Amino acid sequence: MTTTPVTQPARVTPASAALGFLTSGVVAASLTALVVGVVLERVPLILSGLCAPVVYGLLYLLAGAPRRAREAAIPPATALAVIESLEAVGGESGDVPVRFVLTVAPNDAPAYRVETRQDINLVDLPDYRPGGVLVVQYPTQRPWRVRIVKRPTPEWEERAAGARIDSVPGPALVRDPSPTRAPCLVVLLGLVCGAAAVLMPFRADLSDAGSAEPSAAPPSVSSTTSSTVVSSSSGTVTLGPGQSFLDEGELGRAVDGLTGDGGSHDALTVVVQERLLTVVFAPTGSRAPGFDPRSLPAARVPALVEEATGTLGVRTARTWQVVVDGAGGAGGSVRIRVLVSGSEGTASLEADGDGHVVRRTRAG
């Protein structure tokens, strides 16, 4: 029998390059989302990092389902093959994985050499020797997926018993001609783009998180006086790194620190930011509407800020501040306004002196 070696060179196609880019991008984006989510304590981001590979894998399987169904509908081809070599690659009991190198001789195509692995029972292993003729099957469109038929039909068993098959010159083997993996440069570009797609929207938050260092240092309290010595004054409290006026009890202690002598300290305005408290006191004898800063419902401020940053349409809040001023004359009640700014615009929330919300203005 005349034989012709058949080889299928692998190739890189635009489709395989695009698939490699997309796969590496999804992997990088999911890992980056997990890390950023943990650093920023964003549960949705963590869940996205966990779900993205699963969704991508399901879509990949669904995209290939029609092709696999078409191939499964075509009956496998049957042919004779001669064993060129065989080697047990593991196992000492039961079925043993064996690597075969075969020359397959189809009825209507040139013979070709192929490598395959198959589990063979130890009892049947002596029946397989180099030069022995076997019956094999393989998908018509994938001749490299050869499987040895252990119990062929009587017709094929008779043909195998009297057949003589010439070996195909080695060492060339028929392999999967599907496109090879994407080039390393494409994979690297996908990794960079996937990571950047997650990092860029959160770069400001990550910068703030990186610059914050835990510190147990007490807040520094400073009081400055205006140039008109008695007319007005202001007090500020600055917290150390890693601290916030949203921490439990922090705002109340800071206000008490500025008005702790028990005297009358009516204020015109109180402004609270993440780590800075500013109190502008009313000038002596002023009729401007002032209020006692100690009447500020400090315990309600963190909840008001949380509501403003989470329910008013500013999903990527960058800055917030609380502004408190008098609403009923000297010694009267207070008005609390929470302002939140982000890429979606500015939103505001207004509350009364007891910390109850009376008005909301969404962003945009």
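None of the values given here were measured: they were computed from a predicted structure.
Here the side chains of Ile148 and Tyr128 are in contact, with some heavy-atom distance below 4.5 Å. Looking at Phe245 and Val301, their side chains never come closer than 4.5 Å, going by heavy atoms from C-beta outward. Between Pro76 and Thr78 the shortest side-chain heavy-atom distance does not fall below 4.5 Å. By the 4.5 Å heavy-atom criterion applied to side chains, Ile83 and Leu102 are counted as neighbours. You'll find the side chain of Pro139 reaches within 4.5 Å of the side chain of Arg145, heavy atoms only. Considering only heavy atoms from C-beta on, Ile120 comes within 4.5 Å of Lys150 through its side chain. In this structure, the side chains of Leu45 and Phe202 come closer than 4.5 Å at one or more pairs of heavy atoms. Annotation: side chain of Glu350 is in contact with side chain of Arg335 (closest heavy-atom distance under 4.5 Å).
Here the closest non-hydrogen pair linking Ala105 and Ile165 is CB-CG2, 4.1 Å. When all heavy atoms of Pro293 and Val255 are compared, the closest pair comes out as O-CG1, 3.6 Å. Contact record, Ala33 with Gly49: CB-CA, 3.9 Å, taken as the closest heavy-atom pair. Contact between Gly355 and Arg300 at its shortest, heavy atoms only, is O-NH2, 2.8 Å. The heavy-atom pair separating Tyr138 from Ala79 by the smallest distance is CE2-CB, 4.1 Å. Across every non-hydrogen atom of Val168 and Arg113, the tightest pair is O-NH2, 2.6 Å.
Leu59 and Leu47 sit in two unconnected hydrophobic clusters of ILVMFWY residues. Membership requires side-chain heavy atoms under 4.5 Å apart, directly or through other members. Two different hydrophobic clusters hold Leu34 and Tyr56 under the rule that ILVMFWY side chains link at heavy-atom gaps under 4.5 Å. A continuous path of ILVMFWY side-chain contacts below 4.5 Å connects Val322 to Leu246, so both sit in one hydrophobic cluster. With hydrophobic clusters built from ILVMFWY side chains whose heavy atoms lie under 4.5 angstrom apart, Val272 does not share a cluster with Leu339. A single hydrophobic cluster is not seen to contain both Val271 and Leu296; linkage of ILVMFWY side chains at heavy-atom distances under 4.5 Å, directly or through other members, places them apart.
Interatomic distance, CZ of Arg275 versus OG1 of Thr238, reported as 8.5 Å (0.5 Å rounding). Considering CH2 of Trp320 and OG1 of Thr346, their distance stands at 15.5 Å, rounded to 0.5 Å. To the nearest 0.5 Å, atom CG of residue Leu189 and atom SG of residue Cys184 are 12.5 Å apart. A distance of 7.0 Å separates CG of Asp352 from CD1 of Ile336, quoted to the nearest 0.5 Å. Expressed to the nearest 0.5 Å, how far CD of Glu41 lies from CD1 of Ile46 amounts to 8.5 Å. The distance from the CD atom of Glu84 to the OG1 atom of Thr103 is 3.5 Å, given to the nearest 0.5 Å.
If you run side chain to side chain contact (heavy atoms under 4.5 Å, CB included) between Glu307 and each of Leu312, Val338, Val357, only Val357 comes through. Test Thr319, Val305, Thr309 against Val340 for side chain to side chain contact (heavy atoms under 4.5 Å, CB included) and you get one pass: Thr309.
For the pair Asp325 and Arg337, the salt-bridge criterion is met [side-chain N within less than 4.0 Å of a carboxylate O]. At a threshold of 4.0 Å, the pair Arg129-Asp127 does not count as salt-bridged, since none of the basic side-chain nitrogens sits closer than that to a carboxylate oxygen.
Panel note: side chain Arg159, backbone Val135; no donor-acceptor pair is recorded below 3.5 Å. A donor-acceptor pair under 3.5 Å links the side-chain atoms of Thr116 to the main chain of Val146, judged by distance alone. Without hydrogens or angle criteria, Thr311 side chain to Ala308 main chain gives no donor-acceptor distance under 3.5 Å.
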For this session: Take Thr23 and Tyr60 through the test side-chain contact (heavy atoms from CB on, under 4.5 Å) and record every step on the way to the result.
Result: CA-CA 10 Å; Thr23 302; Tyr60 182 82; over 6 Å; no
For this session: Report the C-alpha separation of Leu134 and Leu80 in whole Å, then their side-chain angles, then the decisive distance to 0.1 Å, and conclude whether the side-chain contact (heavy atoms from CB on, under 4.5 Å) test is met.
Result: CA-CA 6 Å; Leu134 305 171; Leu80 297 179; over 6 Å; no
Problem set entry | side-chain contact (heavy atoms from CB on, under 4.5 Å) assessment of Ser244 paired with Asp247 | CA-CA 6 Å; Ser244 170; Asp247 296 339; 4.0 Å; yes
Exercise. Checking side-chain contact (heavy atoms from CB on, under 4.5 Å) for the pair Val98/Gln118: CA distance, chi angles, key distance, verdict?
Worked result: CA-CA 6 Å; Val98 180; Gln118 191 162 333; over 6 Å; no
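Heavy atoms from other residues, nucleotides or ligands lying under 6.0 Å from CZ of Arg359 number 12 at most.
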